[in-house]
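In what follows, a structure is listed as structure tokens, so that the remarks can point back to it.
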Amino acid sequence: MIANEYIASQKRTNSEAFKTKTKTKDDSTVKDETKTNDLITSLKEKRNQTAKSILDFDFKKKRVQILSQAKEIKESDSSGGILYWMFRDCRVQDNWALLFAQKLALKNELPLNILFCLPQKYLEYNARHYKFLIKGLEEVQEECDELNINFNVCVGEPAIQVVDFIESNHIQGVVCDFLPLKDCMQWQESVLNQIDSNQIPFIRVDAHNIVPCWIASDKLEYAARTIRNKINSQLSQYLQQYPPVIQHKYNNKNIINKKKIDWNDVLNQLKYDKSDELINNNEITWAEGGTSNGLKMLQSFQQKRIQLFGTKRNDPTISALSNLSPWLHFGHISAQRCVLVIQELKSKYTESVNSYCEEVIIRRELSDNFCYYNINKYNKLDGAPSWAQLTLKQHSKDKRTYLYTLDELQHGRTHDDLWNSAQIELYKTGKLHGFMRMYWAKKVLEWTESPEQALQYALYLNDQYALDGNDPNGYVGCMWSICGVHDQGWGEREIFGKIRFMNYQGCKRKFDIKAYIARWGGKEYNKKQETIPFKKLKK
DNA sequence: ATCGGCTCGCGCAA
DNA sequence: TGCGCGAAGCCGAT
């Protein structure tokens, strides 16, 4: 199907939805199993062609940070082996952290273990997130069983549970993945402090970024333009094909007599808010966790949507986006794999592929850069650049034409039918179109009492409802919209100050807002006369 | 529909 | 110190 026909068919779908008010099935759900299996098979072949195992592969040492005094595995009588403490990157293949752990284990002829430890309460995770996450872990477990890797899951305080696992299993080396958020960084530091780091190497691997976060830049970057060259100039070095994680050679005595994991029991041990009706009444059906489901979505992007990405990515009535962010957030698929697959189409859809790479490489890595070098304030107003803090402060007392409570925002009950539609899309589907996210967050700034409250509400709603919430990308998205992070000053207005402004009118110009509103059913609540409440300030 | 002006501060050359 | 440049924007002219 050529692009124009495809757009036309989507417009038909939208108008049908408008007439019948029935749910339309997202066309990005892939039904063709055989073709997807082809992709999974072809990736397997590609890995096997790349190297026999990680030992035969040019592993980039810069992906690794050795945090302990001990730099190498020490000889020991009791061979508990190597532990990969998995947290952010929940997949077996295409995972530099697991590959590095297997490399250590093979080189030292040791067994290989994985531990995934879930805290009882984690950020704003709820049933929606846990269901997705656990589905992915089940797949990891199955793959580990086939590969002679000892996979374990536990619920509890990671800093305690991981140390306990290391001690009781006589682990000789620990590999963890990289997530530049406060909790995770603190757990890792705490584990490092509790173990004998003169004896046990403790190693962090950036399995999430293509160019490792600490290599891409050694400082807090100011904007996309300041990190772009730093990443692009090193990209060819790091954008390698993955070798396979292979069947592990060294047997693990822990595997014998191992109890089967009771996933319901895991879920029941978690403490999260179960009372939110918007979550309980809106089961997510378009996206299920796990690597193979993520690869299905990647394949449908490659086959159906990438061609539209260049020109239609800011049109929320057209399905032109990858829709991969939930799987990327939970680490069920790797961004590097997405780039490798999509770049095969570079000569065919040059503009689209370049735009996609800008988002999945530069913008994503910029988010990690922001959190890593701003670890105590990546979700606070203090984390904003000083010009933005100043201008927001100067305008914090400006009169707000509309003021909404968290509850009104949550249910999509504002005067703005477009905004309400975005909020409905968010709570019903667990995702919000990339362009609408910006508009959505900027209006929260406009309709709440202060920038602090706006940021708090936007982050809460995003983390609560979006499958890809609770992630550096989400934090930076809200910070960009509300407090100017990675952006620059613009013409001064009320409330916004110099923060970039967005409005209803602009959306009207850009896409068919009626189709979007019809699709999600946002209504106007208590609309006042004034529709555009700002006049540009004169100097 | 498309385009240029607006506006701002970092980064770099001087 | 001054200038060029980018920017997921808006707005008005054509």
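All values derive from a computational prediction rather than experimental measurement. Each chain gets a letter, A, B and so on, in the order its sequence line appears, and its residues count up from 1. Values reported hereafter were calculated over all heavy atoms of this structure, with side chains retained and with hydrogens, waters and symmetry mates removed.
- Judged by a 6.0 Å distance limit and a 45° cone about the ring axis, A/Lys431 is positioned over the six-membered ring of A/Trp286.
- Separating the CD atom of A/Glu359 from the C1' atom of C/dA8 is a distance of 8 Å, rounded to the nearest angstrom.
- Using the six-membered ring where Trp is involved, A/His415 and A/Tyr404 have ring planes that are parallel, under 30° apart on the 30 and 60° scheme.
- Of the residues in residues 465-482 of chain A, not one comes within less than 4.0 Å of DNA chain B through any heavy atom.
- A distance-only check finds no donor-acceptor pair linking the side chain of A/Asn462 to the backbone of A/Gly469 [under 3.5 Å].
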>> In dot-bracket form, 5' to 3', how is DNA chain B paired? Count Watson-Crick and G-U wobble pairs only if both distances fall under 3.5 Å, and write | where the partner sits on another strand.
In response: |||||||||||||.
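- Aromatic ring orientation, A/Tyr125 versus A/Tyr122: perpendicular (interplanar angle above 60°, classes split at 30° and 60°).
- If you check residues 209-234 of chain A against DNA chain B, the residues with a heavy atom closer than 4.0 Å are A/Lys219, A/Tyr222, A/Arg225, A/Thr226, listed by number.
- The aromatic rings of A/Trp440 and A/Trp419 sit parallel to each other, their planes meeting at less than 30°, with 60° as the upper class boundary.
- Residues that satisfy the side chain to side chain donor-acceptor pair (under 3.5 Å) test with A/Asp89, not counting sequence neighbours, are A/Arg91, A/His208.
- One can place CZ of A/Arg509 at 13 Å from P of C/dA13, the figure rounded to the nearest angstrom.
- Side-chain nitrogen and oxygen atoms of A/Lys510 include none within less than 4.0 Å of the OP1 or OP2 phosphate oxygen of B/dA1.
- B/dT7 and C/dG12 have their P atoms separated by 14 Å, with the value rounded to a whole Å.
- The shortest distance between the side-chain N/O atoms of A/Asn503 and the OP1/OP2 oxygens of C/dC10 is below 4.0 Å.
- With sequence neighbours excluded, no residue forms a salt bridge (Lys or Arg N to Asp or Glu O under 4.0 Å) with A/Lys377.
- Partners of A/Phe511 by ring pair (Phe, Tyr, Trp, His ring centres under 6.0 Å), not counting sequence neighbours: none found.
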